[in-house]
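Everything below concerns the one structure shown next.
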Amino acid sequence: MTCRPALLHSALSLGAALLACAPAAAEASGPSRAQAAPAEAAPVRVAAVIDGDTLELADGRRVRLAGILAPKAVAAGDPGSGERRLADSATAALRALAQGRAVSPAGLAPTDRHGRLLTQLVRDDGLWIQQALVSGGHVRVQTRPDARERAAELLAAEAEARGAGRGLWRSAGYAVRPADPDLLHRHRDSFQIVEGRVLAAALAGGAAYLNFGADRRTDVTVRIAPAALRLFARAGVDPLAFQGRAVRVRGWVGLRNGPMIEASHPEQIELLGQAPPAPDGCCAPVPEPMPEPGPGPGPDPADEEASE
């Protein structure tokens with residue numbers, strides 16, 4: 001493996017250029033992205049706010065705020081619609097927090113496929129922009145395999161805002177969904193937060209499957225691909241230990257047999273209640289194979305731009 005400059009002008013020049021080593025092979029699904037820890041980056045002023053999770057810096061570069069997903073206004077949508085109002089509210093909240101202020105990146109800073117910096121942002125007075133947006137109920141938490149930092153803190157802030165009914169959590173359109181196949185059919189190709197009890201957890205074909213119903217061909221399933229399983233193992237999370245447990249899963253709903261969410265990293269799955277002891281031998285295969293996925297996958301779960 002050889003090291004080379006990684007996107008010196010677009011990855012992270014918030015006062016300093018990034019250097020990164022291109023990995024020999026991607027660990028998670030989606031295109032590989034160079035990344036490195038920002039080193040003593042000087043604060044840069046925010047020149048413009050594009051929407052509820054995107055802004056532009058004074059030097060012309062754009063930043064996609066990592067770890068969150070703001071409501072998006074449909075281009076041809078009714079200006080009075082709930083979705084547009086929530087999108088406008090998120091944009092206004094980010095503008096109030098960041099417009100004209102100096103900000104610095106915190107933690108790792110990859111770039112997305114649009115060349116935008118993907119990072120946590122801290123304001124010049126120490127305020128963490130993402131946490132403020134989540135706490136206000138303006139956005140939901142959406143992590144990615146290459147942008148998972150401080151997920152636990154963001155999830156805790158989201159749970160508090162949801163419990164208090166702030167912002168978008170007052171809207172039925174953003175309710176946490178039960179793992180009901182008929183309901184999730186109606187929400188295919190959208191980012192959802194789903195809760196249910198895992199009836200069965202098993203390995204088949206190198207992937208892990210969490211099934212929320214008795215009929216694997218029609219019920220809700222979470223699939224964890226082989227590359228993602230390596231991230232779960234590194235985090236000390238055994239997907240088979242979810243069997244019989246209530247969980248909360250977030251991700252894009254596709255249709256492969258029944259509704260399916262691809263979990264590309266462990267932060268997508270929250271255990272509700274105390275976890276049982278992990279079975280002996282993590283991720284041991286089971287004799288009965290899982291059904292082959294049918295056609296018709298939804299958006300790439302590793303790509304937060306699927307709805308933009």
Residue pair [X] / [Y]: nearest heavy atoms and the distance that separates them:
{"X": "A66", "Y": "A147", "value": "CB-CB, 4.0 Å"}
{"X": "V139", "Y": "G52", "value": "CG1-O, 4.2 Å"}
{"X": "S264", "Y": "L231", "value": "O-CD1, 3.5 Å"}
{"X": "A263", "Y": "I269", "value": "CB-CD1, 4.1 Å"}
{"X": "R170", "Y": "G165", "value": "CG-O, 2.7 Å"}
{"X": "L199", "Y": "Q243", "value": "O-CG, 3.9 Å"}

Verdict with supporting geometry, L184 and I261, side chain to side chain contact (heavy atoms under 4.5 Å, CB included): CA-CA 10 Å; L184 292 183; I261 293 176; 5.6 Å; no
Is the closest basic N to carboxylate O distance between [X] and [Y] below 4.0 Å?
{"X": "E160", "Y": "R166", "value": "yes"}
{"X": "R250", "Y": "E270", "value": "yes"}
{"X": "D124", "Y": "R45", "value": "no"}

Can a side-chain donor-acceptor contact be found between D88 and T91 if the only test is distance below 3.5 angstrom? no
Distance alone, cut at 3.5 Å: any donor-acceptor contact between the side chains of Q192 and Y174? no
Given the rule in the side chain to side chain donor-acceptor pair (under 3.5 Å) test, do Q120 and W128 qualify, once you have shown the distances and angles that lead to the verdict? CA-CA 8 Å; Q120 303 292 333; W128 180 13; 2.8 Å; yes
If hydrophobic clusters are built by linking Ile, Leu, Val, Met, Phe, Trp and Tyr wherever their side-chain heavy atoms come under 4.5 Å apart, do [X] and [Y] end up in the same one?
{"X": "V237", "Y": "L271", "value": "yes"}
{"X": "V247", "Y": "F232", "value": "yes"}
{"X": "L65", "Y": "L57", "value": "yes"}
{"X": "L183", "Y": "V176", "value": "no"}

Which of V49, L55, V46, L127 passes side chain to side chain contact (heavy atoms under 4.5 Å, CB included) with L97? It is L127
Is there a side chain to side chain contact (heavy atoms under 4.5 Å, CB included) between I68 and R140 once you walk through the steps? CA-CA 6 Å; I68 62 172; R140 291 177 291 178; over 6 Å; no
Under the criterion side chain to side chain contact (heavy atoms under 4.5 Å, CB included), I'd like the reasoning laid out for I193 against V249: C-alpha separation, chi angles, the key distance, then a yes or no. CA-CA 6 Å; I193 302 174; V249 183; over 6 Å; no
Verdict with reasoning, Y209 to V222, per side chain to side chain contact (heavy atoms under 4.5 Å, CB included): CA-CA 6 Å; Y209 293 84; V222 172; over 6 Å; no
Go through it in stages, so that I can follow the logic: the residues are D53 and R116, the test is salt bridge (Lys or Arg N to Asp or Glu O under 4.0 Å), and I'd like the CA-CA distance, side-chain angles, deciding distance and then a yes or no. CA-CA 12 Å; D53 52 34; R116 301 175 301 186; 5.8 Å; no
